[in-house]
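Written out below as C-alpha cells is the structure these notes cover.
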Amino acid sequence: MKAMDSKRNIFSFTIVSCNFLYLLFLILISFSLRCNAVQSDIDCLKSIRNSLEDPLNYLSSTWQFDNQTEGFICIFTGIQCWHPDESKVLSINLPDMGLIGEFPRGIQNCTSLITLDLSSNYLNGSIPSDISKIIGFAVILDLSNNQLSGQIPVDLANCSYLNDLKLDNNVLTGQIPPQIGLLGRLKTFNVANNKLTGPVPNFINATISAESYANNLGLCGVPLKPCYSVGVPKRNHRTLFVSGFVTGWSLFTLLGIYLFIFGFPCVKKIFVSIKNRTKTTVIDGSECPDGIEVNNDPKISKLEKIVTRMSFMELAKATSYFSQDHEIGKGMLGKVYKGLVPNGWNVAIKRLYASENLEEEFVSEITILGSLRHQNLVPLIGFCAARDEQLLIYKYMPNGNLHEWLHTTDDKAKLLDFPLRVKIAVGVAKALTWLHDGGNFHVVHSNLSTQSILLDENFDPKISNFWEATIAKQNDMNSSMSLLPIVEYLDFTSYKKDVYRFGVVLLELLTRKESYQLSCSSLNLSSSSFASPLDVDKVLLGQGFDAKILQLLELASNCMKFIPNQRPTMLQVYLTVAAISRILDQTEDPEIQLQVE
C-alpha cells in the first residue's frame with residue numbers, strides 16, 4: 001500500500017513538474033515573440049527614416065532611437081501605437097512633411113499597422129507590386145498628392161481590409177485594376193488628377209462619385225461617360241460579313257451604272273460641293289474649321305504622351321463657340337473661356353492668339369506643366385492643336401486669380417484676412433520649393449505674379465503660366481520631357497529670380513500695392529521705415545498680427561535684395577512662412593492661446 005502511495009505521489013509530482021515546465025515554455029515563447037514584434041516595429045521606423053529624405057527635419061528631430069524604454073517609439077511624430085506602453089505601431093501619419101523618396105518598403109516590418117498616410121509629400125517611383133505583403137492589414141491608405149508614377153498594382157485588391165484608398169494627384173498611368181471593385185469594405189476611393197485610362201471598376205459595396213475620377217480624360221464607365229466597345233460578338237462576324245459584302249457589291253454596281261450613263265464631270269462637281277460644305281462653319285462671325293485639320297507636326301504629336309489631345313469642335317461647343325458670355329479672362333497669350341465638357345467637368349480653356357507665333361510658349365506650357373503634379377500647381381488636363389488653333393485646357397478655378405482679389409474692390413480684399421493670405425503664401429512657397437528641387441528635375445518658373453496664382457474653391461493657391469519656365473536636363477528624365485525648353489543645368493541666379501518674384505507677391509499680399517510699385521528702385525527695402533504699419537494694407541491692421549506682418553515684410557525684403565547671392569533659398573523661405581502659419585493655427589485654438597498668455 002505504501003508503495004502504491006509512493007508511486008502515486010511520484011506520478012503527481014511528475015505531472016505538476018511537466019505542467020510547470022510547459023507553462024514556463026509558453027511564457028518564454030510569448031516573451032520572445034513580444035520582443036521580436038517590438039523590435040520589428042522599431043526596425044520598421046528606422047527603415048522609414050533612413051529611406052526618405054527629410055529636408056524639414058520632422059523625423060530627424062523626434063525619431064530618436066537611443067531610448068530603449070518600452071513604448072518609446074509611441075511618442076514619435078506621426079506615430080500611434082496600440083497601447084502607449086507597448087511598441088506596436090497602429091498608424092503612421094506623416095502628411096505634408098516634405099519627405100522625398102520612393103515608397104518605403106521597410107513598412108512591412110510594422111506588422112500590426114492599420115493606417116498609413118504619406119500624403120502631400122514628394123514620393124516618387126511606383127507603388128510596390130506586392131503592396132499587400134507590406135500593408136496587408138491596412139484599413140486606410142492615403143498616398144495622394146505625391147509624384148507616384150506607373151500603374152496601380154493589381155495586388156491592391158488583396159488588401160481586403162481597406163476602407164479608404166486615396167491615390168489622387170499623382171502621375172499614375174494605365175488602367176485601374178477591375179479587381180479593386182471587389183474590395184467589400186472599401187467606401188472611399190479617389191484617383192483624381194492622374195493619367196489613367198480605360199473603364200472604371202464596378203464596386204460591390206461603394207458608390208464612387210465622378211469627382212473621384214476627375215482629370216483622367218482616358219477613364220470611362222459609370223459615373224463617367226460610357227465606354228464604347230469597338231469589338232463585335234464573335235457569332236455575328238459571318239452574318240455581318242455576308243450582309244456587308246452584299247450591300248457593298250450592290251452599291252458598287254449602281255455607282256458603276258451611274259458613272260457610265262452620266263459621266264465623271266458630274267461626280268467631280270459632287271466632290272467639290274462636299275468639300276466646300278465641310279470646309280468651314282461660322283463661329284463668332286469668323287470662319288473656323290469644322291472637322292478642322294489636325295496639326296501632325298512631330299513635336300506636337302509627342303505632346304500627346306504628356307496630356308490628352310482634345311477635339312477643337314468639342315471645345316468650341318463647350319464654350320458656345322467661344323462666345324463673350326463664356327470669357328473669364330484675357331492675358332498676354334490669349335483669352336480664357338469657361339467651358340463644360342461632355343463628361344460634366346468645368347474647365348478653363350485658354351485660346352492662344354492666332355496672330356502671334358506662340359508655338360514655343362505652347363509647347364513649353366504642355367511639356368513642363370503637363371509633366372508635373374503638385375497640389376499647388378494648376379492641373380493641365382488637355383490641349384488642342386489644329387491648323388492655326390492652339391488651345392490649353394486646365395481645371396477650372398472658381399475663385400479666379402489672386403490679383404483680382406487684391407486689387408479690384410476693398411470688399412473682396414476684406415475677405416482675404418491675414419491667416420488666409422499667409423495660407424496662400426505658404427502654398428506658393430511650397431510649390432516653388434518643390435519645383436526648384438523636386439528630385440529628378442529642377443524647374444524655374446520665371447513668371448510668378450499674382451495674376452499667375454489661381455485660387456480654388458478653398459482658396460488654396462495654384463500656380464499657372466509656365467510658358468517662360470525652364471527645366472534642367474537630368475539623366476533619368478522621362479523622354480516625353482525632352483522637347484522644349486531644356487537646359488543642361490540651372491545656374492544659381494536662375495533660382496534667385498523666382499525668389500525675387502515671390503518677394504514681390506508677398507509684398508502685394510501685405511500692402512495691396514501693384515507689382516510695378518514694388519520694385520527695388522521705388523521702395524527702400526533695406527530701411528526700417530518700409531517695414532511699418534503705414535505701408536501695410538489697412539484691412540490687416542489692428543487684428544493682433546502686427547508682429548507676424550513685420551516678420552513677413554522682413555522676409556520679403558530679403559527675397560528682393562539686389563544681389564542674388566544675398567537672397568534666401570525657396571526652402572528657407574518656405575520654412576519661415578510655414579512656421580508663421582503653424583503659430584497662427586495654434587493661436588486660433590482657445591486652449592493653446594490661453595497657455596501662451
Side-chain angles (χ1 to χ4, degrees), residues 47-49 51-56 58-59 78 91-107 113 115-129 131 134-135 138 140-153 155-156 159 162 164-174 176 180 188-196 212-216 306 368-381 395 426-427 429-443 456 460-463 474 476-478 481 571 574 578:
S47 174
I48 294 173
R49 191 186 67 172
S51 62
L52 296 176
E53 295 181 41
D54 181 25
L56 304 182
Y58 282 120
L59 304 187
S91 64
I92 299 175
N93 294 296
L94 304 174
D96 197 19
M97 290 191 175
L99 302 176
I100 302 173
E102 297 186 353
F103 185 94
R105 293 189 59 89
I107 290 176
L113 184 72
T115 299
L116 177 61
D117 184 354
L118 299 175
S119 61
S120 300
N121 285 292
Y122 306 120
L123 299 186
N124 50 58
S126 59
I127 302 173
S129 59
I131 187 70
I134 301 174
I135 53 164
I140 297 173
L141 176 61
D142 190 348
L143 301 177
S144 61
N145 294 296
N146 280 288
Q147 279 290 301
L148 295 169
S149 57
Q151 297 189 349
I152 299 175
D155 192 49
L156 266 174
C159 298
L162 277 177
D164 294 355
L165 177 57
K166 297 179 181 179
L167 304 174
D168 49 296
N169 291 290
N170 280 287
V171 203
L172 299 171
T173 56
I176 304 173
I180 290 180
T188 301
F189 179 71
N190 195 335
V191 291
N193 300 312
N194 280 285
K195 298 181 179 182
L196 299 169
S212 297
Y213 301 114
N215 300 327
N216 289 281
I306 303 175
I368 296 180
L369 184 56
S371 301
L372 303 176
R373 289 291 186 274
H374 188 272
Q375 61 266 39
N376 295 117
L377 302 183
V378 62
L380 177 67
I381 57 179
K395 183 178 180 181
V426 169
K430 183 177 181 181
L432 289 176
T433 302
W434 181 76
L435 288 172
H436 286 187
D437 192 9
N440 294 332
F441 56 86
H442 302 282
V443 180
D456 68 6
D460 289 319
K462 311 284 183 179
I463 300 179
Q474 300 289 308
D476 56 350
M477 184 177 293
N478 190 307
M481 295 180 68
L571 178 58
Y574 169 66

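All values below come from the heavy atoms of this structure, side chains included, with hydrogens, waters and symmetry mates left out.
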Give the minimum heavy-atom separation between Asp96 and Asn121, together with the two atoms involved. N-ND2, 3.8 Å

Roughly how far, to the nearest 0.5 Å, is CG of Asn376 from CG of Asn145? 8.5 Å

Ser126 versus Phe103, closest heavy-atom pair with distance: O-CB, 4.4 Å

Say you draw a straight line from CZ of Arg373 to OG of Ser149; how long is it, rounded to the nearest 0.5 Å? 12.0 Å

Are Asn215 and Asn193 close enough that a side-chain donor and a side-chain acceptor fall under 3.5 Å? yes

Using a 6.0 Å cut-off, check whether atom NZ of Lys166 has over 12 heavy atoms from anything other than its own residue. no

Lys395 side chain to Ile381 backbone, donor-acceptor under 3.5 Å: no

Separation between NZ (Lys430) and CD1 (Ile463), nearest 0.5 Å, reads 12.0 Å

Would Leu167 and Leu148 satisfy side-chain contact (heavy atoms from CB on, under 4.5 Å), going step by step from the backbone distance to the final call? CA-CA 9 Å; Leu167 304 174; Leu148 295 169; 5.6 Å; no

Output the distance between atom CG (Leu143) and atom CG (Asp168), rounded to the nearest 0.5 Å. 10.0 Å

Separation between CG (Leu52) and CG (Leu123), nearest 0.5 Å, reads 6.5 Å

Which pair of heavy atoms, one from Val171 and one from Asn194, lies closest together, and at what distance? N-OD1, 3.2 Å

His442 vs Asp437, test: side-chain contact (heavy atoms from CB on, under 4.5 Å). Steps then yes/no. CA-CA 5 Å; His442 302 282; Asp437 192 9; 3.2 Å; yes

Start with the C-alpha gap between Lys462 and Asp456, add the side-chain angles, then the distance that decides, and say whether side-chain contact (heavy atoms from CB on, under 4.5 Å) holds. CA-CA 7 Å; Lys462 311 284 183 179; Asp456 68 6; 3.5 Å; yes

Determine whether a donor-acceptor pair (N or O, by modelled atom type, separation under 3.5 Å) exists between the side chain of Ser119 and the backbone of Asp142. no

Donor-acceptor pair, distance only, cut-off 3.5 Å: does the side chain of Asn146 make one with the backbone of Leu118? yes

In Å and rounded to the nearest 0.5 Å, what is the SG to CD1 distance from Cys159 to Ile131? 6.0 Å

Looking only at non-hydrogen atoms, find the nearest pair between Asn170 and Ser144 and report the distance. ND2-CA, 3.9 Å

Any side-chain to backbone donor/acceptor pair from Asn216 onto Lys195? Under 3.5 Å, distance only. yes

Considering all heavy atoms, the nearest Gly106-Ser47 contact: CA-OG, 3.3 Å

What I want to check is whether the side chains of Thr188 and Asp164 have a donor and an acceptor closer together than 3.5 Å. yes

